[in-house]
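Computed over heavy atoms, backbone and side chain alike; hydrogens, waters and symmetry mates excluded. Given the structure is predicted, the values throughout are model-derived calculations rather than measurements. Here is the naming used below: chain letters follow the sequence lines, and residue numbers restart at 1 for every chain.
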There are 2 protein chains.
Amino acid sequence: MNSAPTSRPPEAARAPSAAEQAHAQLKALILDNALPPGAQRLESELALQLGLSRTPVREALVRLQQEGLVEITPRHGMRVQPIAAADMREIYEVLNSLEPAAAELLARRADPAAGLERLDAACTAMEQALAAQDRRAWAAADEAFHRGLVELCGNRRLAAMVMQVWDQSHRARMFTLQQRPLPARSTAEHRRVLQAIAAGEPERARELYRRHRHRSGAELVSLIERSGVAWL
Amino acid sequence: MNSAPTSRPPEAARAPSAAEQAHAQLKALILDNALPPGAQRLESELALQLGLSRTPVREALVRLQQEGLVEITPRHGMRVQPIAAADMREIYEVLNSLEPAAAELLARRADPAAGLERLDAACTAMEQALAAQDRRAWAAADEAFHRGLVELCGNRRLAAMVMQVWDQSHRARMFTLQQRPLPARSTAEHRRVLQAIAAGEPERARELYRRHRHRSGAELVSLIERSGVAWL
DNA sequence: ACCCTCAACAATGCATACGCAAACGAATTC
DNA sequence: GAATTCGTTTGCGTATGCATTGTTGAGGGT
């Protein structure tokens, strides 16, 4: 019905183009901090490193620039975009607006409780990680929860936007994760949002999520500011 | 110190690259319906039409694809992305979330009334267009209001996201504009949002805007659905 | 009459070549 | 000794060539 000419069955595995590979690899390098913020690389260096020519690398860089991960400066190659506290403020304002909206949409569906297994599993994983004091596992579960929520809400544009800023803030989240107290409260709040969604209470889900986002966002920004690093 | 070697003075007018020109021209052609939805064009056709070679055209198409305006299909060139009622629903869900947030941010500033002249002028222009029954002028003023609002809110990411979906829905707005009653109510609502912002009442500004968006979005979607066109 | 196979063609994706312009350094002059 | 200017180098933007791959149409077989 909704004009999906690229129907799902034959969607499967087309050989990824060199440009796509370059994009994926560079993105991974940036998120993993292998290409640290502020790093400058020439197109030709990257092409050599990835075993490609400049053309697909260039295409990948254009995409990464539009995603806000790098900046292309004409004679100095690309630079990995650093994230300052001000950027985190922007990102959290966006997330604080879009994610509660996603929760509301989810709770408004005809059958709000359908398909929430992913989110429930993510909550459980968070609780287990919390008990085991495993910050890394907690972060993975947290990401799974947020990703699952926006993907389930049925609004692909909203989901894409959330994932974009989510990626931008990935490094900062990984950084603060190390030096903040165990996110016990966040874990409980996730669970409560999920319950409100399953119960089909859009307004409550939205407000719970909004408050959660607002609090954790403020915590994270002040943590970065107090940590004294100008950017990440 | 913080590495701003590209200081502002010489920032000004660098000759726009051919790729930028191609991007701007193609975007204008799409928004003006000169390249109608569903239209297919080969890279080489566009290159010929714009008087460039395929390379900068290709770069422009990659950007337009990420902006959601076209789709690149491997052996058929690009296709202008049609907008269906379902897409408009998505777009209005996003706007309904982000724009009220922008209004709230604007009202939360230290001096909320500062710099609102643009918005005031846009409101006045809307009122005049309404009196003159000039739909086209009204649409231009409406766009100026919304654009000004998100640009003033101080959050560049939020502004970019709003403008992106705004562009996606441009054609649909122009279409419905012709066949809906004069937007008298919208005009008044804009004015009230502006007053709430100037008065420094974030919550009220957000809620007023949310209601405005919700109503006008629903109107527009149902108008498209009733009009019987499958896509625009 | 319909379907399947195969071959020719066409558009793309990538690599490479070329010219321009900026940046860096050296040399000369004040 | 410092500054300015000129020459060289280097990276980028664009164009173009080539190989890959999908598409389309025709012909033959069932």
Side-chain angles (χ1 to χ4, degrees), chain A residues 4-27 29 35 38-67 69-81, chain B residues 3-27 29-30 35 38-67 69-81:
Chain A
T6 47
S7 47
R8 293 305 166 259
E11 163 187 27
R14 151 141 77 253
S17 72
E20 287 174 65
Q21 286 182 9
H23 178 257
Q25 288 189 45
L26 289 175
K27 186 167 172 179
L29 288 174
L35 279 173
Q40 306 229 13
R41 293 287 188 282
L42 298 176
E43 290 180 0
S44 39
E45 291 181 61
L46 295 173
L48 189 66
Q49 181 176 346
L50 300 181
L52 298 167
S53 86
R54 276 178 51 216
T55 307
V57 170
R58 197 178 160 70
E59 182 169 329
L61 289 179
V62 169
R63 290 182 55 185
L64 289 170
Q65 182 176 41
Q66 282 210 292
E67 291 167 14
L69 290 176
V70 311
E71 185 187 14
I72 301 182
T73 73
R75 296 277 153 181
H76 305 276
M78 60 131 239
R79 195 192 63 175
V80 179
Q81 201 75 292
Chain B
S3 77
T6 47
S7 47
R8 291 307 165 258
E11 164 187 24
R14 153 145 71 255
S17 72
E20 287 174 64
Q21 287 182 8
H23 177 255
Q25 289 189 44
L26 288 175
K27 185 167 171 177
L29 288 174
I30 292 169
L35 278 173
Q40 306 230 3
R41 294 285 187 282
L42 297 177
E43 289 180 2
S44 39
E45 292 180 61
L46 295 173
L48 189 66
Q49 180 176 346
L50 300 181
L52 299 166
S53 84
R54 280 175 44 214
T55 308
V57 170
R58 200 178 157 71
E59 183 168 329
L61 289 179
V62 169
R63 288 182 57 187
L64 290 170
Q65 182 176 42
Q66 282 210 291
E67 291 167 13
L69 290 177
V70 311
E71 185 189 15
I72 301 182
T73 71
R75 298 280 153 180
H76 303 276
M78 59 132 239
R79 196 192 63 176
V80 178
Q81 201 75 292

Participant: Taking the side chain as everything from C-beta on, heavy atoms only, tell me whether A:H23 gets closer than 4.5 Å to A:Q25.
Facilitator: no
Participant: If we only count heavy atoms from C-beta on, is the A:R63 to A:K27 side-chain gap below 4.5 Å?
Facilitator: no
Participant: Can you find a pair of side-chain heavy atoms, one from A:E59 and one from B:R58, that are under 4.5 Å apart?
Facilitator: yes
Participant: Any side-chain heavy atom of B:L29 within less than 4.5 Å of one from B:V80?
Facilitator: no
Participant: How large an angle, rounded to 10°, do the end axes of the helix from C:dA1-D:dT30 to C:dC30-D:dG1 enclose when each is built from five base pairs?
Facilitator: 10°
Participant: Which of these, B:L42, B:L26, B:L46, sits in a side chain to side chain contact (heavy atoms under 4.5 Å, CB included) with B:M78?
Facilitator: B:L46
Participant: List the protein contact pattern of nucleotides 5-16 of chain D with one symbol per nucleotide (5' to 3'): B for base contact, S for sugar-phosphate-only contact, - for none; contact means a heavy-atom distance under 4.0 Å.
Facilitator: ------BBBBBB
Participant: How close do B:A60 and B:A19 get, counting heavy atoms only, and between which atoms?
Facilitator: CB-O, 3.9 Å
Participant: For A:Q21 and C:dA15, what is the distance between atoms CD and P respectively, to the nearest whole Å?
Facilitator: 10 Å
Participant: Quick one: A:L46 CG to C:dC14 P, roughly how many Å, whole number?
Facilitator: 16 Å
Participant: Looking only at heavy atoms, which two atoms of B:P56 and B:L52 are closest? And how far apart?
Facilitator: CG-CB, 4.1 Å
Participant: Is there a side-chain contact between A:V70 and A:Q65 (heavy atoms, below 4.5 Å)?
Facilitator: yes
